[in-house]
Amino acid sequence: MTILESEAGPATARQIGRERIAAIVQSYGAAIVLVILLVFGSIAFPTFLSVSNFTNIATQSSFLMIIAVGMTFVILTGGIDLSVGSVYALGGVLAAYGSAWGLFGAFALPLVVCGLIGVLQGALVAYGKMAPFIVTLAGLLGVRGLVLAVTDGGSATPLIADRAVVFLGQGDVLGLRLPVFFALAAVVIGSILLSRSRGGQAVLAVGGSESAATLMGLPVARVKFTVYVISGLCAGLAGALNAAYSSSGVPTVGVGLELSAISAVVIGGTLLSGGRGNLIGTLAGVLLLTVIQNLINQVGSLTSSVQAVVSGTFLAIVVIIQTVLSRTQRL
């Protein structure tokens, strides 16, 4: 009996230790790699540590971060939203047109329309029991077509002349552009909802096991419906802020942005199968992708295609590591 206990005890302790290490790496791996890249960049490139460069990184990250907040909620339920790039472009175009009615019109119009797109997609997924991939793929194509329709096939670029609208995109506080503060607010609010509210716990429960969530009496359909509405609103807000930042609603922006958002969420430790993840990890994932792009730009002789190869390779490695870590935690 003593021998069996002594053999079982250390084995259990080792297993618990492996599971803890795997959980830490899965949750904070992106942040660790981000720190390593920051150290490397500061050593390899003298201009990398400049205030202007860090300000640029923060600004470029802010629009993707807002979209990634909504994407995190969707993926946590085990879903996917491929339409956010097109919704982002639509939000920017509608913000430019809405700016004719001032600040309220510039943000109310894109948020209402993009929120309704989220309502439609969420209803089809949650209540129509349709596959999220198919629904949001149709959304990607349909919304992009709508963007082209309202801009004469993409040839018209509506401009923003309202100073209050432009200020929200180009104004700065403490050296940081205002969209950065919108992104940080989205992370804080989203984190509080996920960790401190019943709705956030329901999101995690639905992603962990939809059947178990149903047995617990959770409103599974309503939870799944809500996350797509959140994703649509986040994409619309990011598009409106980008239009304010560039003083125009460019109809061609956002192509492939859905893949960057998904990559950032997965790199940040959120499982594609749902049920596990957090927005702090997503923030690290967004910053990591932006820093990689910045380092490639620092080299100067490399093209954007290199960035795509590096980002794709990095994502593949992360998914493989996540799979191994998940198996380790189930052992």
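Reckoned from all heavy atoms, side chains included, excluding hydrogens, waters and symmetry mates. No experiment lies behind these values; they were computed from the predicted model shown.
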Does the side chain of Leu257 come within less than 4.5 Å of Phe63's, by heavy atoms?
no

Quick one: CD on Gln170 to CG on Leu178, what's the gap to the nearest 0.5 Å?
10.5 Å

Filter on side chain to side chain donor-acceptor pair (under 3.5 Å), then keep only pairs touching residues 175-200, sequence neighbours left out; what's left?
none

When you group the ILVMFWY residues by side-chain heavy-atom contacts below 4.5 Å and let the links chain together, are Leu94 and Val84 in the same group?
no

For the CG atom of Leu64 and the OG1 atom of Thr290, what is their distance to the nearest 0.5 Å?
6.0 Å

Anything under 30° is parallel, anything over 60° is perpendicular, the rest tilted; go ahead and classify Phe54 against Phe48.
perpendicular

Could you work out the complete set of other residues in the hydrophobic cluster of Leu116, with links drawn between I, L, V, M, F, W and Y side chains under 4.5 Å apart?
Val112

Is a side-chain N or O of Ser246 found less than 3.5 angstrom from the main chain of Ser248, in a donor-acceptor match?
yes

According to a hydrophobic-cluster definition based on side-chain heavy atoms being under 4.5 Å apart (Ile, Leu, Val, Met, Phe, Trp, Tyr only), do Val206 and Val265 belong together?
yes

Closest non-hydrogen atoms of Gly232 and Cys114, given as atom of the first, atom of the second and distance, are O-CB, 3.4 Å

Test item: Phe107 and Leu237 side chains (from C-beta on) under 4.5 Å apart, heavy atoms
yes

Measuring only between side-chain heavy atoms, which start at C-beta, is Leu279 closer than 4.5 Å to Val69?
yes

Ile189 with Phe182, same ILVMFWY side-chain cluster at under 4.5 Å
yes

At their closest point, which heavy atom of Tyr88 faces which heavy atom of Val253, and how far apart are they?
CE2-CG2, 3.9 Å

Measure across Pro110 and Gly91 and return the closest heavy-atom pair with its distance rounded to 0.1 Å.
CB-O, 3.4 Å

Side chain to side chain donor-acceptor pair (under 3.5 Å) contacts in which one or both residues fall within residues 115-125, not counting sequence neighbours:
Ser83-Gln121

Would you mind reporting whether Glu210 and Lys224 have side-chain heavy atoms less than 4.5 Å apart?
yes

Does Leu49 belong to the same Ile/Leu/Val/Met/Phe/Trp/Tyr cluster as Val35, with side-chain heavy atoms less than 4.5 Å apart forming each link?
no

Does any non-hydrogen side-chain atom of Asn53 lie less than 4.5 Å from one of Asn294?
yes

Rounded distance [0.5 Å steps], OG1 in Thr282 versus CD1 in Ile67
13.0 Å

Distance check, rounded to the nearest 0.5 Å: Leu194 atom CG versus Gln201 atom CD?
8.0 Å

Determine whether Thr136 and Val74 satisfy the following criterion, side-chain contact (heavy atoms from CB on, under 4.5 Å), listing intermediate values before the conclusion.
CA-CA 11 Å; Thr136 59; Val74 172; over 6 Å; no

Out of curiosity, Leu176 CG to Leu184 CG, how far, rounded to the nearest 0.5 Å?
8.0 Å

Show me the donor-acceptor pairs, under 3.5 Å and distance only, between side chains in residues 161-168 and residues at least two apart or in other chains.
unit_1 : atom_1 : unit_2 : atom_2 : d
Asp162 : OD1    : Ala164 : N      : 3.0
Asp162 : OD1    : Val165 : N      : 3.2

Looking at Ala202 and Val223, what are the two nearest heavy atoms and their distance?
CB-CG2, 3.8 Å

With hydrophobic residues grouped by side-chain heavy-atom distances under 4.5 Å, do Val113 and Ile66 end up in a single group?
no

Do the non-hydrogen side-chain atoms of Asp81 and Val87 ever get within less than 4.5 Å of each other?
no

Do Ser62 and Leu241 come close enough that some side-chain heavy atom pair is under 4.5 Å?
no

Quick check: does any side chain N or O of Tyr97 sit under 3.5 Å from a backbone N or O of Val150, one acting as donor and the other as acceptor?
yes

Backbone N or O of Ala238 within a donor-acceptor pair of the Asn242 side chain at under 3.5 Å?
no

How does the hydrophobic cluster around Leu215 look, that is, which other residues are in it when side-chain heavy atoms under 4.5 Å mark a link?
none

Taking all non-hydrogen atoms of both residues into account, name the closest pair between Met130 and Val135 and its distance.
CB-CG2, 3.6 Å

Can you check whether Leu124 reaches Tyr228 side chain to side chain, under 4.5 Å on heavy atoms?
no

Should we count CZ of Phe104 as having more than 12 external heavy atoms under 6.0 Å?
no

Would you please name every residue forming a side chain to side chain contact (heavy atoms under 4.5 Å, CB included) with Met216, sequence neighbours left out?
Leu218

Supply the atom-to-atom distance Ile262 CD1 to Leu82 CG, rounded to the nearest 0.5 angstrom.
5.0 Å

Please report the shortest heavy-atom distance between Gly249 and Thr157, naming the atom on each side.
O-CG2, 3.7 Å

Treating Ser231 as the side-chain partner and Val227 as the backbone partner, does any N or O pair qualify as donor plus acceptor under 3.5 Å?
no

Backbone N/O of Gly281 and side chain of Asn278: donor-acceptor pair under 3.5 Å
yes

